[in-house]
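Heads up, the thing below is written out as structure tokens.
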Amino acid sequence: MKLKAVIFDLDGTLLDTLDDIADAVNQVLTDRGMKPHNREAYRWFIGDGSRVLVTRALPEECRGDAEVDDCLAAFRERYARNWHRRTRPYEGIPRLVAMLQSAGTKMAVVSNKPHHLTETCCRHYFPNRPFDFILGQEEGRPIKPDPYPALQAATHLRMPPSDCLFLGDSGVDIETARRAGMLPIGALWGFRRRDELEVAGAAACIDHPLDLLKWLDD
């Protein structure tokens, strides 16, 4: 199998964003007299877009459309100011990305984070602009696990999906890759556990970013 392009998930794969996301949502909750969640709970809230994140964090009796809309707007406003306070690339990620860029490997980022924040994060933490294509969530556009964003990335990279490796930390990422006809690889340093990735159909799960290199064509 010859793999010539890598498509990355963002949160939980390239960047550890958990603390900044948790802090922003918890502040929204406490401002409204609701109980905040511990950091670990957010591992399970993140992954399906901002609206689902906020809905999961709210008490069940507070999940009406108006309440979700209010909290979502407040979260977006707060997170837009504080997204970079504690967020960092995972250990090994900067080196992996630099090695792939040096080798001429095509790279893209596909995320369920809002598009403008996805672009902002990538430009801030990867200032050498290694990614040939970046795609986040936008109104009216399907998000993962729909294969649309992954297939859009392959199109912009000018690669057939079968030549693309998709690296992500959740079952949503693995399902996206499988539905797009890409090789699904699970990142064990991220937010979710091995069992979720394997049940979703990961071809392999790796413990460290540099372990990805053995899956790429020399």
Side-chain angles (χ1 to χ4, degrees), residues 1-17 47 87-138 141-190 197 200-218:
M1 182 182 294
K2 293 184 177 181
L3 298 167
K4 301 182 181 299
V6 178
I7 300 173
F8 294 96
D9 169 53
L10 184 64
D11 299 84
T13 302
L14 290 172
L15 301 178
D16 185 354
T17 57
T87 291
R88 296 291 184 272
Y90 286 100
E91 188 276 327
I93 284 292
R95 185 179 176 198
L96 171 66
V97 170
M99 291 175 70
L100 294 177
Q101 185 179 26
S102 178
T105 303
K106 296 287 187 180
M107 290 182 283
V109 175
V110 169
S111 175
N112 283 347
K113 184 188 287 291
H115 181 70
H116 71 284
L117 284 172
T118 300
E119 286 195 316
T120 298
C121 286
C122 288
R123 289 171 180 169
H124 179 80
Y125 291 105
F126 303 95
N128 289 334
R129 299 183 179 243
F131 304 113
D132 301 282
F133 182 67
I134 298 169
L135 186 64
Q137 176 191 16
E138 287 189 331
R141 187 163 62 196
I143 62 173
K144 301 179 296 183
D146 192 290
Y148 172 84
L151 292 173
Q152 283 292 105
T155 297
H156 281 263
L157 298 179
R158 298 185 178 181
M159 292 285 177
S162 58
D163 283 358
C164 298
L165 182 155
F166 196 111
L167 179 68
D169 70 302
S170 73
V172 167
D173 296 314
I174 300 304
E175 182 181 348
T176 301
R178 292 179 64 238
R179 292 174 66 183
M182 300 174 180
L183 182 72
I185 302 294
L188 293 176
W189 56 86
L197 300 172
C205 295
I206 59 175
D207 294 300
H208 189 275
L210 295 183
D211 294 340
L212 192 73
L213 295 174
K214 71 179 183 180
W215 291 93
L216 299 173
D217 180 43
D218 291 340

Using atom types as modelled and distance alone, determine if a side-chain donor or acceptor of [X] lies under 3.5 Å from a backbone N or O of [Y].
| X | Y | value |
| --- | --- | --- |
| Tyr125 | Leu14 | no |
| Arg179 | Pro145 | yes |
| Thr13 | Asp169 | yes |
| Asp163 | Pro160 | no |

- Message: Between Thr118 and Leu135, does the side chain to side chain contact (heavy atoms under 4.5 Å, CB included) criterion hold? Intermediate values first, please.
- Response: CA-CA 7 Å; Thr118 300; Leu135 186 64; over 6 Å; no
Between [atom1] on residue [X] and [atom2] on residue [Y], distance to nearest 0.5 Å:
| X | Y | atom1 | atom2 | answer |
| --- | --- | --- | --- | --- |
| Cys164 | Leu3 | SG | CG | 8.5 Å |
| Ile206 | Leu212 | CD1 | CG | 4.5 Å |
| Ile174 | Met182 | CD1 | CE | 12.5 Å |
| Leu197 | Leu188 | CG | CG | 6.0 Å |
| Ile134 | Phe126 | CD1 | CZ | 10.0 Å |
| Leu10 | Leu15 | CG | CG | 4.5 Å |

Show me the side-chain donor-acceptor pairs of residues 101-111 shorter than 3.5 Å, one per line, residues at least two apart or across chains.
{"unit_1": "Gln101", "atom_1": "NE2", "unit_2": "Asn128", "atom_2": "O", "d": "3.4"}
{"unit_1": "Ser111", "atom_1": "OG", "unit_2": "Lys113", "atom_2": "N", "d": "2.9"}

- Determine which pairs satisfy ring pair (Phe, Tyr, Trp, His ring centres under 6.0 Å) with at least one residue from residues 99-120, sequence neighbours left out, and list them in order.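 Residue pairs passing ring pair (Phe, Tyr, Trp, His ring centres under 6.0 Å), neighbours aside: none found.
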- Task: Keeping to residues at least two apart or across chains, list the ring pair (Phe, Tyr, Trp, His ring centres under 6.0 Å) pairs with something in residues 165-186.
- Result: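 The answer is none; no pair qualifies.
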Please name the pair of heavy atoms, one in [X] and one in [Y], separated by the smallest distance, quoted to 0.1 Å.
| X | Y | value |
| --- | --- | --- |
| Phe131 | Phe8 | CE2-CD1, 3.9 Å |
| Asp146 | Pro142 | CG-CB, 3.6 Å |
| Asn112 | Gln137 | O-OE1, 3.1 Å |
| Gly201 | Arg178 | O-CD, 3.6 Å |
| Leu151 | Pro161 | CD2-CG, 3.7 Å |

- Query: Which residue pairs satisfy the salt bridge (charged side-chain N to carboxylate O under 4.0 Å, His left out) criterion with at least one member in residues 120-138, sequence neighbours excluded?
  - Reply: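 Passing the test, one end in residues 120-138: Glu119-Arg123, Glu138-Arg141.
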- Item | Test side chain to side chain contact (heavy atoms under 4.5 Å, CB included) applied to Trp215 and Leu167, step by step | CA-CA 11 Å; Trp215 291 93; Leu167 179 68; over 6 Å; no
- Query: What's the verdict on side chain to side chain contact (heavy atoms under 4.5 Å, CB included) for Lys4 and Leu157, showing C-alpha distance, side-chain angles and the deciding distance?
  - Reply: CA-CA 10 Å; Lys4 301 182 181 299; Leu157 298 179; over 6 Å; no
- Message: Apply side-chain hydrogen bond (donor to acceptor under 3.5 Å, both in side chains) to residues Asp173 and Thr176 and explain how you reach the verdict.
- Response: CA-CA 5 Å; Asp173 296 314; Thr176 301; 5.3 Å; no
- Asp9 side chain reached by Val172 side chain, heavy atoms, under 4.5 Å: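 No, side chains not in contact.
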- Using a 4.5 Å cut-off on heavy atoms from C-beta on, say whether the side chain of Pro149 contacts that of Lys144.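 Touching, per the 4.5 Å side-chain cut-off.
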- Set of side-chain contact (heavy atoms from CB on, under 4.5 Å) partners for Pro94, sequence neighbours left out: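 For Pro94, the residues satisfying side-chain contact (heavy atoms from CB on, under 4.5 Å) (neighbours in sequence not counted) are Pro89.
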- Could you check whether the rings of His156 and Phe133 sit parallel, tilted or perpendicular, using 30° and 60° as the cut-offs?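 Rings of His156 and Phe133: parallel, under 30°.
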- Query: Residues two or more places apart in sequence or in another chain: which of them pass side-chain hydrogen bond (donor to acceptor under 3.5 Å, both in side chains) with His124?
  - Reply: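 In terms of side-chain hydrogen bond (donor to acceptor under 3.5 Å, both in side chains), with neighbours along the sequence ignored, His124 is linked to no residue.
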